[in-house]
Amino acid sequence: MAWSGIDEIRGVKACAASDRRTLSQSNSEQTPSIHRLYKPSVSTPDALKTLELTIQASMPAAAVVSGSSSAEFDGRITVYVILCGVIAATGGLMFGYDIGISGGVTAMDDFLEKFFPLVYRRKREAKEDNYCKYDNQGLQLFTSSLYLAALAASFAASKTCSRYGRKVTMQLASLFFLAGVAFNAAAENLVMLIFGRILLGFGVGFGNQAVPLFLSEIAPARIRGALNILFQLDVTIGILVANIVNYATANIHPWGWRLSLGLAGVPAVILCAGSLVITETPASLIERGKLDDGRATLRKIRGTENVDAEFDEIVRAGEASRRVKRPFRSLLKRPSRPQLVIAVAMQFFQQFTGINAIMFYAPVLFQTMGFKNNASLLSAVITGGVNVLSTLVSVAAVDRAGRRLLLLEACAQMFVTQTAIGGILLARLKSDNELGATVAVWVVVLVCCYVMSFAWSWGPLGWLIPSETFPLETRAAGFACAVSANMLFTFVIAQAFLSMMCGMKAGIFLFFAGWIVVMAAFVVFLLPETKGVPIDEMAERVWRQHWYWKRYMEEEVDCQG
């Protein structure tokens, strides 16, 4: 096959590295021979390089796509691949709408009076502590139960993705979401409400598993970042639309909250209908043994007949994938550890920026600061608009500036804004007063600056980086771990934030600012750049080149012949 020579190079490299270690330990002057395919001594870097160049020269030019090669696969950016990306990314609309809608609904008096009367009475008491008026575990469970369900669903979604494909998984996501919407909009008691949220969680778990993988696998390497960020862009649009809906329905008594929850079905219908017309990804088809369909799909999305090099690369990855019978167990092996650690860490840090605490509870948060109900909803609309516009910056910049630069710039901006917000609230907002109008406006401006930096960095890249770094054989399982980790940490924040705000008061912003310092150090030392690297060449061109992670990528090779 076209890649066999490259595989042998890897074996030679591993053997040579092993021989060098043996020489170093024994202080021997003798150069060991390598008894695999090639007999010449390659214990020196120059000889190894000569051997590699010789093998590459003997292969067809289009086939030299692995190792340190920087060759691009042939193909153009087609209208069809953009259309598929736009349709699939509507899975983000479902997720974003739910993030935005829950905070606004929990601030509506009609909703609170029906399901959480204790919180309603506490809210109406003028002397109640500003920071504690919404501290209620049941109310937080309304928001967080979705993410606990999504955590469990992500593992089932991983198997569905591998066995039936990304497209079917997206269809199931939309059906779960529609069922959850029906229960929520018609809820007459807390049990119906929470059960609906659990069904929504299944939809989010399946959608968040399938959509980023789909986008990364259909995208040409040079625009993979931008196309993948369509998912996060739709998340931000969903949040904005939800905030606008809440603002419009807040004065529709007593059923405005039902309309807000019911309209979540619109993006689910779009995804369900759209998934009928988009293609399956070539990687998924080839992984499941449908080679002819995979080649035909690859030609269609690349707009060229010359797809042999990319097809061969995917086939090789697909063969490796089929040999892995227990992908989750394979994730625990050393070569999978860099991708797994980074995928889980990105989810942890994404949530501990504090962003979802603000996006979930923006209206509640602004009411805590002294804004009236409509003013708090309007402020949430403003931050939602900033979120959308700033995500467009990431779409434009991620494949030019790279992942690391965006993440580090955002860390600096988020640290400054979180610290400033915490300082202002510590000085000006006590338990029983309101912020003055001027100070309140400045707080909104700072929140917008904070949301802005997150939206072009940790928001979209938290999904992009895990979706592009795993090899095909563990890609669905690895990304399932990323999704489940995201849902776990989101659940923790959603369940704890209002209680944390009651206990820590303004200090909660300083708490999140402290984590941002840790995030910045993580990026500097442990996160490699993945801009422009073909998705199935990450091991050779990223992990084996990194100063720390390369120690995990050494393969055990039989060097005895």
Exercise. Can you tell me if CZ on Phe142 sees more than 12 non-hydrogen neighbours from other groups inside 6.0 Å?
Worked result: yes

Exercise. From Glu529 CD over to Leu527 CG, what is the distance, rounded to the nearest 0.5 angstrom?
Worked result: 8.0 Å

For this session: Flag the pair Glu319 and Arg316 as a salt bridge only when some basic side-chain nitrogen lies within less than 4.0 angstrom of an acidic carboxylate oxygen.
Result: no

Problem set entry | Pair Phe509 + Tyr450: ring centers closer than 6.0 Å | no

Exercise. Should the pair Phe231 and Phe95 be assigned to parallel (<30°), tilted (30 to 60°) or perpendicular (>60°) ring geometry?
Worked result: parallel

Problem set entry | Test of ring centre spacing under 6.0 Å for Trp515 and Phe512 | no

Exercise. Cut-off 3.5 Å, side chains only: do Ser260 and Thr249 have a donor facing an acceptor?
Worked result: yes

For this session: Indicate yes or no for a side-chain donor-acceptor contact from Asn243 to the backbone of Ile239 under 3.5 Å, with no hydrogens or angles considered.
Result: yes

Exercise. Are any of the side-chain nitrogens in Glu217 or Arg475 under 4.0 Å away from the carboxylate oxygens of its partner?
Worked result: yes

For this session: Indicate yes or no: at least one non-hydrogen side-chain atom of Val398 is less than 4.5 angstrom from one of Leu461.
Result: yes

Exercise. Minimum heavy-atom separation for Gly354 to Gln418, with atom names?
Worked result: CA-NE2, 4.4 Å

For this session: Give, for atom CG of Leu199 and atom CD1 of Ile194, the distance between the pair rounded to the nearest 0.5 Å.
Result: 12.0 Å

Problem set entry | Distance-only side-chain donor-acceptor flag, Arg288 / Ser284, under 3.5 Å | yes

For this session: Taking Tyr97 for its side chain and Val266 for its backbone only, find out whether a donor-acceptor pair lies under 3.5 Å.
Result: no

For this session: Could you pull out the closest heavy-atom pair between Pro534 and Arg541, with the gap in Å?
Result: CD-NH1, 3.3 Å

For this session: Please indicate whether Phe348 has more than 12 foreign heavy atoms, meaning atoms of other residues, nucleotides or ligands, lying under 6.0 Å from its CZ.
Result: yes

For this session: Check the angle between the aromatic planes of Phe176 and Phe202 and answer parallel, tilted or perpendicular using the 30° and 60° thresholds.
Result: perpendicular

Exercise. Which of parallel (below 30°), tilted (30 to 60°) and perpendicular (above 60°) describes Phe489 and Phe352?
Worked result: perpendicular

Problem set entry | Closest contact, heavy atoms only, Ile87 versus Leu271 | O-CD1, 3.8 Å

